[in-house]
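First the structure, in the form of structure tokens, and then the observations on it.
If you're wondering where the values come from, they're calculated on a predicted model, not measured in any experiment. Side chains included, hydrogens not; waters and symmetry mates left out as well; all remaining heavy atoms used. We name chains A, B, ... by the order of the sequence lines, and we start the count at 1 in each one.
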Amino acid sequence: MSGGRSIVWFRRDLRVEDNPALAAGVRTGAVVAVFIWAPEEEGHYYPGRVSRWWLKQSLAHLDSSLRSLGTTLVTKRSTDSVSTLLEVVKSTGATNLFFNHLYDPLSLVRDHRAKEILTAQGIAVRSFNADLLYEPWDVNDDQGRPFTTFAAFWERFLSMPYDPEAPLLPPKRIISGDISRCPSDLLIFEDESDKGSNALLARAWSPGWSNADKALTAFINGPLIEYSKNRRKADSATTSFLSPHLHFGEVSVRKVLHLVRIKQVLWANEGNKAGEESVNLFLKSIGLREYSRYMSFNHPYCHEQPLLGHLKFFPWVVDEGLFKAWRQGRTGYPLVDAGMRELWATGWLHDRIRVVVSSFFVKVLQLPWRWGMKYFWDTLLDADLESDALGWQYISGTLPDGREFDRIDNPQFEGYKFDPHGEYVRRWLPELARLPTEWIHHPWNAPESVLQAAGIELGSNYPLPVVGIDEAKGRLLEALSEMWQQEAASRAAIENGTEEGLGDSSESAPIAFPQDIQMEENREPVRNNLPTTIRRYEDQMVPSMTSSLLRVEEQETSSYLQNVAEDSRAEVPRNGNVNQEQRRDILNQGAAQTTRSNNNLPYFSVVSGLRNFEDSTAESSSSSSRRERDGGVVPVWSPPTASYSEQFAGDESGIGTSSYLQRHPQSHQIMNWRQLSQTG
DNA sequence: CCCGATTTGTG
DNA sequence: ACAAATCGG
């Protein structure tokens with residue numbers, strides 16, 4: 001026990017292999033491994049049933065691994081992780097706290113708080129990168145600014161001057177800290193009514209880090225080589241199935257990369273083109289996961305606010321009936337419905353089908369994407385805030401490199417592509433099982449005799465399309481022109497100085513979640529040992545730092561560069577050769593008109609871990625100096641104080657449309673930007 | 001084998 | 001909408 005006692009705070013890093021926080025604890029001496037279950041901290045992102053099931057299994061698995069190494073996992077039920085950490089410190093006499101970084105907005109705030117409070121108590125706190133290949137603040141363009149498109153990000157990512165760290169081996173043994181006065185709480189993740197449904201999950205999935213490791217190996221030695229060939233099949237078992245493992249940190253991306261690269265070299269030497277392409281595609285999907293953290297870090301509101309503001313006035317269809325039809329897989333479009341039934345039944349969907357159902361949701365039904373994202377959150381086994389936010393924003397056309405907003409994908413044709421024989425549809429829609437392949441993706445066109453022979457009565461045992469594709473196209477155009485009018489009116493009001501009136505907050509306020517989001521079968525999860533009110537979506541308030549941030553007009557005139565670089569980005573200490581003054585000059589050159597007078601106020605405060613602050617200043621002479629693996633720079637941003645929030649109500653996390661347009665003049669033609677900007 | 005037409009893929 | 005890949009005369 002020479003070095004003292006360390007708390008290793010497990011979160012979404014439920015593994016003993018390549019876990020730098022755990023390794024640091026072991027190096028220091030005795031270890032108290034702790035997991036804190038504080039779902040109330042997640043706001044309305046309380047984990048869904050299947051996600052909780054996975055977590056439960058994964059924790060049990062981790063505990064058993066820790067036991068075989070010499071200690072045990074302490075579990076705590078809490079509503080406030082930081083005060084629980086303090087209790088654990090007191091009851092174990094620990095002097096160090098180690099944990100691994102997370103990048104979702106709530107974690108950034110919470111972890112910063114943990115670091116401040118524990119440090120003030122004399123605890124040495126250090127944090128590590130365990131979730132990403134490169135930390136978000138290490139991947140920047142030549143001017144030191146974060147990228148705003150995936151392609152540019154990925155290009156830089158692949159040509160970083162140094163490799164990601166090699167994965168660490170698991171510790172050989174762990175000296176257990178004294179936990180005799182730190183009893184575990186029993187964590188309850190499922191109620192009685194969940195058990196039946198959850199029992200099925202165990203047949204398909206094996207949570208836990210060593211199972212994750214097996215899944216990784218099996219994928220890399222098996223389906224990986226065919227990944228590019230098979231990726232378009234809705235049905236096939238050719239995906240890696242790693243996403244839930246990755247979400248909970250049961251396997252490290254560093255190890256994934258490490259193993260994939262071995263194959264990459266091998267296949268490159270063999271001249272195996274398909275293999276090389278497969279590797280590149282698979283790595284790209286790993287890259288999108290990295291990018292989702294990157295986006296979340298740089299734009300902390302991107303899970304609830306569009307990154308681009310150009311759809312601010314879009315009249316979304318607020319129709320809970322349509323929403324329900326989508327959830328229940330009763331839209332009348334077989335491929336969509338099959339996907340939604342699979343999601344409900346299994347908590348899983350092939351990536352292709354996620355795109356199909358979400359694109360249908362946004363473009364055909366024109367429902368607000370956050371509803372869809374929330375439903376994914378509640379039902380997906382691999383629900384992941386950052387990845388899902390990126391995905392939905394991509395589909396919704398609110399990213400600089402997202403899909404065009406006016407592009408409507410037709411599920412019928414997607415059906416031909418992804419499920420050419422209709423097998424997928426037949427599996428999940430038994431009512432269509434007898435329909436010939438010719439009609440399987442558009443039963444509404446089938447002759448009456450065919451339908452009869454198949455036992456289908458449209459509108460009765462299988463619905464007619466809830467919205468026709470042509471109808472959807474028409475409505476989309478109408479909605480867009482309505483949006484332009486609103487936008488122009490709002491702009492005019494602003495410029496007349498009559499401001500306030502039209503359009504400010506009312507239209508741009510996020511559309512609340514419907515109260516009745518639950519399907520009938522979807523019962524409330526047990527709220528553990530705590531007396532809490534029943535969770536309804538209306539209760540699930542927006543985290544406090546967001547509520548004051550409704551976007552207003554300002555983003556039209558404030559430039560993207562200033563918004564992003566100065567305000568919204570969660571900054572970390574920079575050890576680059578470009579100092580803040582220079583940066584500002586560079587930024588101001590590109591950015592024209594800002595009307596803001598207060599743009600020097602940091603929106604998010606910059607904080608670093610104590611220890612690292614010294615490290616990074618010491619290194620500050622070299623621009624690309626590499627951070628230590630356990631350097632523990634903690635990216636954090638803090639909620640604005642109330643007095644700032646008024647001034648900064650201009651969608652700090654968004655990308656101003658004007659400069660976006662300059663960079664991407666070809667996109668979104670239908671938006672008719674020129675016309676808009678001339679009105680002003 | 002070249003070049004225009006057509007299809008495919010697009011984060 | 002556009003570029004890249006593929007097709008076919």
Considering only distance and modelled atom types, tabulate donor-acceptor pairs under 3.5 Å from the side chains of residues 264-277 of chain A, sequence neighbours left out.
| residue | atom | partner | partner atom | Å |
| --- | --- | --- | --- | --- |
| A:Asn269 | ND2 | A:Val265 | O | 3.4 |
| A:Asn272 | OD1 | A:Ala274 | N | 3.2 |
| A:Asn272 | OD1 | A:Gly275 | N | 2.8 |

Terminal contacting nucleotides, 5' and 3', DNA chain B versus chain A (heavy atom, 4.0 Å): B:dG9 to B:dG11
Sugar-phosphate, base or nothing in reach of A:Gly391, heavy atoms under 4.0 Å: base
For residues 468-482 of chain A, please give each side-chain donor-acceptor pair under 3.5 Å, one per line with the distance, not counting sequence neighbours.
| residue | atom | partner | partner atom | Å |
| --- | --- | --- | --- | --- |
| A:Glu471 | OE1 | A:Gly468 | N | 3.2 |
| A:Arg475 | NE | A:Gln366 | OE1 | 2.4 |
| A:Arg475 | NH2 | A:Pro315 | O | 3.0 |
| A:Arg475 | NH2 | A:Gln366 | OE1 | 2.9 |
| A:Ser481 | OG | A:Glu478 | O | 3.0 |

Non-neighbouring partners of A:Glu226 that pass salt bridge (charged side-chain N to carboxylate O under 4.0 Å, His left out), sequence neighbours left out: A:Lys229
Test side chain to side chain contact (heavy atoms under 4.5 Å, CB included) applied to A:Leu288 - qualifying residues, sequence neighbours left out: A:Phe150, A:Leu390
By side chain to side chain contact (heavy atoms under 4.5 Å, CB included) - contacts of A:Ala130 (at least two apart): A:Arg15, A:Pro20, A:Asn100, A:Arg254
